[in-house]
Amino acid sequence: MGSLRDDDIELKSDSLSVLPVNPREQARILRKMDWHLLPFVTVFFLLSFLDRANIGNATVAGMATDLKLTGFKYNIAAAVFFIPYSFAEVPSNIILKLLRPSRWIPSIMVTWGIVMTLMCLVNSYRSLVIARAFLGLTEAGLYPGINYYICLWYPRSERSKRIAIFFSAASVAVAFGGLLAYGIERMNGVGGLYGWQWMFCLEGIVTVLVAVFSFFYMHDYPETAKFLTEPERLYIIDVLKHDSNSLSSLFDTQFVWQAMKDYKTYVQILIYLGLLVPGYAIALFSPTIINELGYSAANAQLLSVPPFVAGAIATIIVGIHSDKHNLRGPYIIGGALVSLVGYILLYCSVKAGPSYVGVCLAAAGNYPTVAVILAWAGSNAGGDLKRGVVLAMVIGISNLGGVCSSFIYIDPPRFHVGHGTNMGFLSLSIIMSIFAMWNYNRLNRKKEAQCLAENIGDDRRYEFKDMGDASPLFRYTI
């Protein structure tokens, strides 16, 4: 297919909208956007998750012994990342609203890449804790920023699969981290550094190089994208306008307060929290869990790969079908149930084989749900600024669960406390997802009745542009 032609679009003079009449053209434009946008955000998130989770691989590679991480020292070093990370996310997304994405997001990457590189100089428990705190602070804006960035380009019905694609990078990062750790361990002693120090150094350097490249080639908004033709640009802008019911995109503090006062924001936080604690636990401790099953450290690094490859594949498949059916809640509940079965196997089994199957199920069930919940939270927040704040709050506050996940694996080799805690959090997510589905359905029915009773149609949408998702014309995704 070539570029969008004049005969492929229909101009509606009454609304000055541009609507493609050819579904193949619509799909082609979205694919074109995917090729220009998704490689950037996928690589960004892969590096982000690799850099934050590599402490697990470093521990198995000898860091715990070299730095004398006895007792809860490793847990504290893992947990301290999440405290500044959680509190810096809302301000970061507000800054992203004010600045260009191609300036703010690469700037974040440069700073955390430098911190990651300098972590190769860590030589004590205290310096490790300080470095992890700075890593959390500098990396904080990336995850909510990328989710917000996706919302600036794609309509609600197309977001889940795109978020799934870049979030699958998290699974790939953990899997690749195991392979990378297996290879880099062989550099032990080179340049007077331990193998685990080389992990930090090389991953940080790659992050900085990717960030510098992104300054020049990352695209900001559909309105300024040079890779789109003028008809394509008009179509995307029009689709996004209709998708948002023409809600305001201006910067106004009233939209920040809308996000903070909305009880639905905190329901989404609880759902995400219930998924994030088990997700971080399996990412941070899978090498240790597998090691405790009786495998050597080197084999534990390699055996930590398949569960997250399965998680990456499942994430993409679930994201595609979630968008296809325009459903979020059922896919979250289904994935959480699969992960729950995995943790039950880990809790009950005494043999390595069934326990390893449990690790695979825990990862393959959990990771797809994270992409879906973020698409759900972003889609059900009306207006650009409110959406950005909601995403930052959901991601930021829920990431405090990373502190919890850092302290639950304390009773090897069976780890009953850790597995049991994760089962409880998954149950919380399932319960809150059921409530959210019921509540969104109730609110949609209420709005439909209001529109019918008051004769409210699309011709009146500008009357409600400052109401966010409280607008009677806004419909929640179930």
Side-chain angles (χ1 to χ4, degrees), residues 33 36-54 80-121 130-153 162-163 166-167 169-170 173 200-227 249 251 256 374 378 384-385 387-396 399 402:
M33 288 167 54
H36 284 85
L37 303 176
L38 295 186
F40 281 101
V41 297
T42 302
V43 172
F44 294 168
F45 193 65
L46 187 150
L47 291 170
S48 169
F49 210 87
L50 183 65
D51 289 350
R52 82 176 68 170
N54 62 9
V80 74
F81 170 93
F82 297 101
I83 298 173
Y85 182 90
S86 298
F87 290 105
E89 292 192 340
V90 172
S92 179
N93 255 21
I94 293 176
I95 293 173
L96 180 59
K97 175 66 179 174
L98 298 173
L99 300 180
R100 292 164 54 189
S102 64
R103 293 297 174 262
W104 181 241
I105 293 177
S107 297
I108 293 171
M109 294 182 66
V110 168
T111 55
W112 106 60
I114 292 172
V115 172
M116 186 82 256
T117 304
L118 294 177
M119 282 182 68
C120 73
L121 304 177
I130 293 172
R132 286 282 295 178
F134 274 99
L135 185 66
L137 179 64
T138 53
E139 196 179 320
L142 185 86
Y143 193 15
I146 288 178
N147 279 278
Y148 184 42
Y149 181 68
I150 291 290
C151 294
L152 296 176
W153 285 85
R162 272 78 189 183
I163 294 175
F166 83 72
F167 189 78
F200 296 149
C201 179
L202 295 178
E203 291 172 15
I205 290 172
V206 170
T207 300
V208 173
L209 292 176
V210 170
V212 172
F213 177 84
S214 303
F215 271 113
F216 302 99
Y217 295 100
M218 185 179 179
H219 302 282
D220 290 308
Y221 311 105
E223 293 86 347
T224 59
K226 294 181 180 179
F227 67 88
S249 60
F251 183 90
V256 176
L374 292 176
D384 281 355
L385 184 55
R387 184 180 303 115
V389 175
V390 166
L391 282 170
M393 288 178 65
V394 169
I395 295 170
N399 263 287

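Quick note: residue numbers are just sequence positions, from 1. Everything numeric in this text was worked out from a predicted model, so none of it was measured.
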Looking at Phe215 and Ser102, what are the two nearest heavy atoms and their distance? CD2-O, 3.7 Å

Counting neighbours of OH on Tyr217 that are heavy atoms of other residues, nucleotides or ligands and sit closer than 6.0 Å, is the number greater than 12? no

From CA spacing to verdict: side-chain contact (heavy atoms from CB on, under 4.5 Å), Leu38, Ile150: CA-CA 9 Å; Leu38 295 186; Ile150 291 290; 4.0 Å; yes

Qualifying residues under side chain to side chain contact (heavy atoms under 4.5 Å, CB included), relative to Val43, sequence neighbours excluded: Leu47, Val210

Is there side-chain contact between Trp112 and Ser48, with at least one heavy-atom pair below 4.5 Å? yes

Give a yes or no answer on whether the side chain of Thr117 reaches the backbone of Gly113 with a donor-acceptor pair at less than 3.5 Å. yes

Quick one: closest heavy-atom pair of Glu139 and Tyr85, and the distance? O-CE1, 3.8 Å

Strictly distance-based, threshold 3.5 Å: is any side-chain N or O of Ser92 a donor or acceptor partner for the main-chain N or O of Ala88? no

Output for pair (Ile105 CD1, Tyr149 OH), nearest 0.5 Å, gives 7.0 Å

For Arg387, check side-chain hydrogen bond (donor to acceptor under 3.5 Å, both in side chains) against everything at least two apart and list the hits. Asp384

Donor-acceptor contact present, side-chain Asp220 to main-chain Arg100, <3.5 Å: no

Nearest atoms (heavy-atom pairs only) where Phe44 meets Leu142: O-CD2, 3.6 Å

Would you say Thr42's side chain and Pro39's backbone share a donor-acceptor pair under 3.5 angstrom? no

Is Tyr148 close to Lys97 at the side-chain level, that is, under 4.5 Å between some pair of heavy atoms? yes

Correct closest heavy-atom pair for Asn399 and Ile395 would be ND2-O, 2.6 Å

Working to the nearest 0.5 Å, report the span between CG of Leu99 and CH2 of Trp104. 7.0 Å

Atom CG of Asn147 and atom CD1 of Ile163: how far apart are they, to the nearest 0.5 Å? 4.5 Å

If you measure from OG on Ser214 to CG on Leu209, what distance do you get to the nearest 0.5 Å? 10.5 Å

Spacing of CG belonging to Leu391 relative to CG belonging to Leu374, to within rounding of 0.5 Å: 7.0 Å

In chain order, what residues pass the ring-ring contact (aromatic ring centres under 6.0 Å, His included) check against Tyr143, with sequence neighbours excluded? Phe45

Closest non-hydrogen atom pair between Thr207 and Met109, with its separation: CG2-O, 3.5 Å

Residues two or more places apart in sequence or in another chain: which of them pass salt bridge (Lys or Arg N to Asp or Glu O under 4.0 Å) with Arg103? none

Return the set of residues passing side chain to side chain contact (heavy atoms under 4.5 Å, CB included) with Leu121 (not counting sequence neighbours), or none when no residue passes. Leu118

Tightest non-hydrogen contact, residues Val115 and Leu135, listed as CG1-N, 3.8 Å

Rounded to the nearest 0.5 Å, the SG atom of Cys201 sits from the CE atom of Met116 at a distance of 9.5 Å

Around Phe40, counting heavy atoms of other residues, nucleotides and ligands shown, do more than 12 lie under 6.0 Å from its CZ? yes

Could you work out, with ring-ring contact (aromatic ring centres under 6.0 Å, His included) as the rule, every residue matching Tyr221, not counting sequence neighbours? none

Parallel, tilted or perpendicular: which describes the rings of His219 and Phe227, with under 30° parallel and over 60° perpendicular? perpendicular

